[in-house]
Amino acid sequence: MKICSLALLTLLLAAPWTGSQVRRSHAMCCHKDMLIWRKIPAHKIKSYRDTPSLCSRKAVIVELQKGTVCVDPKASWFQKYLKEKKSISTST
C-alpha cells in the first residue's frame, strides 16, 4: 500500500511539470501567419534559434531589441545574414 501511494504521489507531482514542458515547446512554434517576410536590419537582431522539431513548420525565432518574431529560414535576406555572420566569426 505504501509503494502504491508513493507511486501515485510521484505521478501527481510530475504531471504539472511535464504538461508545462509540452505547452512551452508548443508555444515556441511559428505558424504561417506569424512569419515576418520583410528584411530585418542585422543590428536589430540580438539572437536567433530554430523552432523545435515537434513544430509542424520549420522557422527561426529571432529575438530583436524589442520582442521576438518568426522568420522563414529559407528567406534570402536571412540566408545572407547567416553567411555574413559566419564570415565574421571565422575571420576573428
Side-chain angles (χ1 to χ4, degrees):
M1 182 67 178
K2 287 182 182 181
I3 293 174
C4 187
S5 297
L6 182 62
L8 181 59
L9 179 63
T10 303
L11 285 173
L12 289 174
L13 291 174
W17 181 81
T18 57
S20 68
Q21 294 298 318
V22 170
R23 272 183 257 131
R24 186 179 307 141
S25 61
H26 181 67
M28 294 181 350
C29 293
C30 297
H31 304 285
K32 185 178 180 177
D33 57 338
M34 296 170 65
L35 294 176
I36 299 294
W37 297 99
R38 61 176 163 64
K39 181 181 177 182
I40 300 170
H43 70 275
K44 291 188 176 186
I45 299 176
K46 288 173 59 177
S47 65
Y48 62 90
R49 65 186 181 280
D50 293 329
T51 52
S53 59
L54 61 91
C55 296
S56 61
R57 176 175 299 279
K58 278 190 150 268
V60 177
I61 300 171
V62 178
E63 184 180 350
L64 305 172
Q65 295 166 346
K66 296 181 180 181
T68 56
V69 294
C70 295
V71 173
D72 183 346
K74 295 179 182 176
S76 60
W77 72 264
F78 188 71
Q79 289 297 313
K80 281 183 183 179
Y81 169 79
L82 291 177
K83 285 180 186 177
E84 289 173 11
K85 187 170 174 71
K86 185 177 179 180
S87 69
I88 290 170
S89 67
T90 56
S91 65
T92 56

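Please read all numbers here as calculations on a predicted model, not as lab measurements. Computation of the quantities below employed the complete heavy-atom set of this structure, encompassing side-chain atoms and omitting hydrogens, waters and symmetry-equivalent molecules. When a residue number appears, it is its place in the shown sequence, counting from 1.
The line from CG of Leu35 to SG of Cys30 is 6.5 Å long, rounded to the nearest 0.5 Å. Distance check, rounded to the nearest 0.5 Å: CE of Met34 to CD1 of Ile61 gives 7.5 Å.
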Show me the side-chain donor-acceptor pairs of residues 66-79 shorter than 3.5 Å, one per line, residues at least two apart or across chains.
from: Asp72; atom 1: OD1; to: Lys74; atom 2: N; distance (Å): 2.9
from: Gln79; atom 1: NE2; to: Pro73; atom 2: O; distance (Å): 2.4

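Remark: Lys85 engages Tyr48, Tyr81 in a side-chain contact (heavy atoms from CB on, under 4.5 Å) (not counting sequence neighbours). Applying the side chain to side chain donor-acceptor pair (under 3.5 Å) test to Ser47 and every residue at least two apart in sequence or in another chain returns Glu63.
Both Ile36 and Leu64 sit in one connected hydrophobic cluster of ILVMFWY residues. Membership requires side-chain heavy atoms under 4.5 Å apart, directly or through other members. Residues Ile40 and Leu82 are members of one and the same hydrophobic cluster, defined by side-chain heavy-atom contacts under 4.5 angstrom among Ile, Leu, Val, Met, Phe, Trp and Tyr.
Taking every heavy atom of both residues into account, Gln65 and His43 meet most closely at NE2-O, 3.3 Å.
Applying the salt bridge (charged side-chain N to carboxylate O under 4.0 Å, His left out) test to every pair with at least one member in residues 31-44, sequence neighbours left out, gives no pairs at all.
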